[in-house]
Amino acid sequence: MIKLRIVSGSSSRLLSKRLAEEANADLVDVNIKRFPDRECYVRIMDDLDNENVVLIQNTWPDENIVEFFLLADAIKEFKIKKLTAVIPYFGYARQDKKFNPGEPISVRALIKRIQIDVDKIITVDIHDENVLKWFDIPSINVSGMPAIGEYLKKLNPDIIIAPDDGALQKAKNVADIVGCSYDYFDKKRIDDMHVEMKTKNIDVENKNVAIVDDIISTGGTIITATKNLKKQGAKNVYACCTHGLFAENALEKLQNVCDKVISTDSIENPASAVSIASEIEKMLK
Ligand code: R5P
């Protein structure tokens, strides 16, 4: 069987190493650096002729997008068999429609350009899977929730909660793995300044609760949710997400109110205790 060759962008070194182990693939020797003016330089040091290549790189923050384009172009300079791009965290996916006249559909703008050199795309918990319709090449979205569910088994939560009904399926996926119940938050506006978040159906008093979401950015959503859960008597609250962006000092703020903060390795950070490598590996076959 021909071994896969994995090219890691600078956003995804840990995940690439883990994926190479899972897939029994070789990591390609790549030189990536920045010129003094911050422009990017990449060079593939191994021969990729006749190889099946996998490129792993996030499209966040912005400089990783340029790096992605350069790496894809460099890979295509070889006579490769196939290029699969894994985009663990697909930045710009939340702007998936025009909210105001004159705006772009940002995720579509990236999709159009990303597919130019690529034969197949794998994303992980992209904000809304429906955007994959804009790819003209085969695309698949994998979920980080099974890996989060496996990890949570150790913490034995009583209930998994989605911050809103849009994330309810994620909470159900995790709850099915853990073997517990699930629910979502019902938001009630008290006045201009205050929103009350209560679990829709299940009482959380004296319960260990895990909140699951695709992204934690500023942490605002989870911090408000956690404070409300604690007010309602929850014992421990675990904050879990696939993509830990942790803007500014969000991780520290979260750690001050939550009993544990857990993210996957789609973005490497001190909370990435869970790996999505095996979920991605299943889709490489
Ligand atoms: C929103 O649609 C996402 O699913 C997350 O709930 C959101 O990005 C979280 O953002 P923040 O951490 O800034 O509240």
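One-based numbering, in listed order, for ligands and for the atoms of each. We use all heavy atoms of the structure for the numbers below, so side chains are in, but hydrogens, waters and symmetry mates are not.
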**Student:** At less than 3.5 Å, what protein N or O atoms come close to the N or O atoms of ligand 1? Include the distances to 0.1 Å.
**Tutor:**
| residue | atom | partner | partner atom | Å |
| --- | --- | --- | --- | --- |
| ligand 1 | 2 (O) | His127 | NE2 | 3.4 |
| ligand 1 | 4 (O) | Asp213 | OD1 | 3.3 |
| ligand 1 | 4 (O) | Asp214 | OD1 | 2.6 |
| ligand 1 | 6 (O) | Asp213 | OD2 | 2.6 |
| ligand 1 | 8 (O) | Arg94 | NH1 | 3.0 |
| ligand 1 | 12 (O) | Ser217 | N | 2.8 |
| ligand 1 | 12 (O) | Thr218 | N | 3.2 |
| ligand 1 | 12 (O) | Gly219 | N | 2.8 |
| ligand 1 | 13 (O) | Thr218 | N | 2.9 |
| ligand 1 | 13 (O) | Thr218 | OG1 | 2.5 |
| ligand 1 | 14 (O) | Thr221 | N | 2.9 |
| ligand 1 | 14 (O) | Thr221 | OG1 | 2.5 |

**Student:** My understanding is that only one of Val54, Leu48, Ile6 makes a side chain to side chain contact (heavy atoms under 4.5 Å, CB included) with Val28; could you say which?
**Tutor:** Leu48
**Student:** Using a strict cut-off of less than 4.0 Å between a Lys/Arg side-chain nitrogen and an Asp/Glu carboxylate oxygen, indicate whether Asp49 and Lys79 qualify as a salt bridge.
**Tutor:** no
**Student:** A side-chain contact here means heavy atoms from C-beta on lying under 4.5 Å apart; do Tyr41 and Phe35 qualify?
**Tutor:** yes
**Student:** Output the rest of the hydrophobic cluster of Leu152: all Ile, Leu, Val, Met, Phe, Trp and Tyr residues reachable through side-chain heavy-atom contacts under 4.5 Å, sorted by chain and number.
**Tutor:** Met145, Ile148, Tyr151, Leu155, Ile160, Leu168, Val174, Val178, Tyr182, Tyr184, Val212, Tyr238, Ile262, Val274
**Student:** I'd like to know if Lys133 and Asp128 make a salt bridge, using a cut-off of under 4.0 Å between side-chain N and carboxylate O.
**Tutor:** no
**Student:** Determine, step by step, whether Phe185 and Ile161 satisfy the side chain to side chain contact (heavy atoms under 4.5 Å, CB included) criterion, reporting the C-alpha distance in whole Å, the side-chain angles of both residues, the deciding distance to 0.1 Å, and the verdict.
**Tutor:** CA-CA 7 Å; Phe185 279 113; Ile161 298 186; 3.5 Å; yes
